Amino acid sequence: GENVEQHPSTLSVQEGDSAVIKCTYSDSASNYFPWYKQELGKGPQLIIDIRSNVGEKKDQRIAVTLNKTAKHFSLHITETQPEDSAVYFCAASKGSEDYKLSFGAGTTVTVRA
Amino acid sequence: SAVISQKPSRDICQRGTSLTIQCQVDSQVTMMFWYRQQPGQSLTLIATANQGSEATYESGFVIDKFPISRPNLTFSTLTVSNMSPEDSSIYLCSVEGESETQYFGPGTRLLVL
């Protein structure tokens, strides 16, 4: 089955700096890659996703890049703010062929004021 | 995106008992999923629940331990049976959205003593 690895496990950044989280996947058939943000006591919230026919996607301060050849994708958060502090999970699936999501281990991001 | 609610939000149970968790969504969806998130860990898929068919369980999860019902297109239940302290986790339901997306409920936080 799909194996998703995520790094780093923890990330501390100064407010206003950028944060980058990287994930790799093993199954070349995976074609859908969402990112979730989970705040303490809440369920995961979908923040951005990317499909295999796109190399990059941006939504305000958040961007995701995908390298299908190398089988890795990354989340970039610019101009970080204290409210960006949370646990971030990457995931992968085969999309409409198989909706099951395989998750990375998570990255705890702390934004220092 | 769908609005998903779960009941109960948290519970403390004695070992050997069972707990049924409810998941309600504000729109009709074909696919619903149940995940387990052990303390400080990532999300692991328990089963996929489609209306009108038996749930499909992932490796390591069995129907006798985690029976699931899916009586209609907006509701599902997961029962955690004969609980032990190792079942202490967050249990999350999710639903399919448009174009392979999945949206998560707020979770049920279970502590087994």
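All chains are named by letter (A, B, ...) in the order of the sequence lines, taking the proteins before the strands, and each is independently numbered beginning at 1. This one's a predicted model, so the numbers in the text were calculated from it and none came from an experiment.
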Examine B/Tyr91 and B/Met31 and state if one hydrophobic cluster contains both, with Ile, Leu, Val, Met, Phe, Trp and Tyr joined whenever side-chain heavy atoms are less than 4.5 Å apart.
no
Do other residues, nucleotides or ligands put more than 12 heavy atoms under 6.0 Å from the CD atom of B/Glu98?
no
Using non-hydrogen atoms and a 4.5 Å limit, figure out which bit of B/Leu43 sits close to chain A: side chain, backbone, both or neither.
both
Decide if atom CD of A/Gln81 counts as having more than 12 heavy atoms of other residues, nucleotides or ligands within a radius under 6.0 Å.
yes
Relative to chain A, which segment of B/Arg109 carries a heavy atom at a distance below 4.5 Å: side chain, backbone, both, or neither?
side chain
Atom CZ of A/Arg61 with >12 non-hydrogen neighbours under 6.0 angstrom
yes
Inter-residue atom distance B/Thr56.OG1 - A/Lys100.NZ, 0.5 Å rounding
8.0 Å
Which bit of A/Leu46 comes within less than 4.5 Å of chain B, counting heavy atoms only: side chain, backbone, both or neither?
side chain
Are more than 12 heavy atoms from other residues, nucleotides or ligands located less than 6.0 Å from atom CD of A/Gln60?
no
Spell out, yes or no, whether A/Leu11 and A/Val111 are grouped together once hydrophobic residues are joined by side-chain heavy atoms under 4.5 Å, including indirect joins.
yes
For A/Leu40, does the CG atom have more than 12 heavy-atom neighbours from other residues, nucleotides or ligands under 6.0 Å away?
no
Heavy-atom closest pair, residues B/Gln37 and A/Phe89:
NE2-CZ, 3.5 Å
A/Lys68 atom NZ, neighbour heavy-atom count above 12 within 6.0 Å
yes
Taking B/Trp34 as the starting point, is it possible to reach B/Met83 by hopping between hydrophobic residues whose side chains are less than 4.5 Å apart?
yes
Using the six-membered ring wherever Trp is involved, compare the ring planes of B/Tyr35 and A/Phe103 and label them parallel, tilted or perpendicular (cut-offs 30° and 60°).
perpendicular
Where on A/Gln38 is there a heavy atom nearer than 4.5 Å to chain B: the side chain, the backbone, both, or neither?
side chain
Quick check: does any side chain N or O of B/Ser42 sit under 3.5 Å from a backbone N or O of A/Gly104, one acting as donor and the other as acceptor?
yes
Which heavy atom of A/Gly43 sits nearest a heavy atom of B/Leu92, and at what distance?
CA-CD2, 4.0 Å
Identify which part of A/Pro44 has an atom lying under 4.5 Å from any heavy atom of chain B, answering side chain, backbone, both or neither.
both
Do A/Val13 and A/Leu75 sit in the same hydrophobic cluster, where Ile, Leu, Val, Met, Phe, Trp and Tyr count as joined when their side-chain heavy atoms come under 4.5 Å apart?
yes
Do B/Val3 and B/Tyr103 share a hydrophobic cluster, counting only Ile, Leu, Val, Met, Phe, Trp and Tyr and linking them when any side-chain heavy atoms are less than 4.5 Å apart?
no
In short, A/Tyr99 meets B/Glu96 closest at the heavy-atom pair OH-OE1, 4.1 Å
Pick one of side chain, backbone, both or neither for B/Ser9, based on which atoms fall under 4.5 Å of a heavy atom in chain A.
neither
Least distance between heavy atoms, A/Tyr36 atom then B/Gln102 atom:
OH-O, 2.6 Å
Between A/Gln45, A/Lys42, A/Arg51, A/Lys94, which shows the greatest number of heavy-atom pairs under 4.5 Å with chain B?
A/Arg51
A/Glu79 atom CD: more than 12 heavy-atom contacts under 6.0 Å:
no
Residues in residues 63-77 of chain B that sit under 4.5 Å from chain A, counting heavy atoms only
none
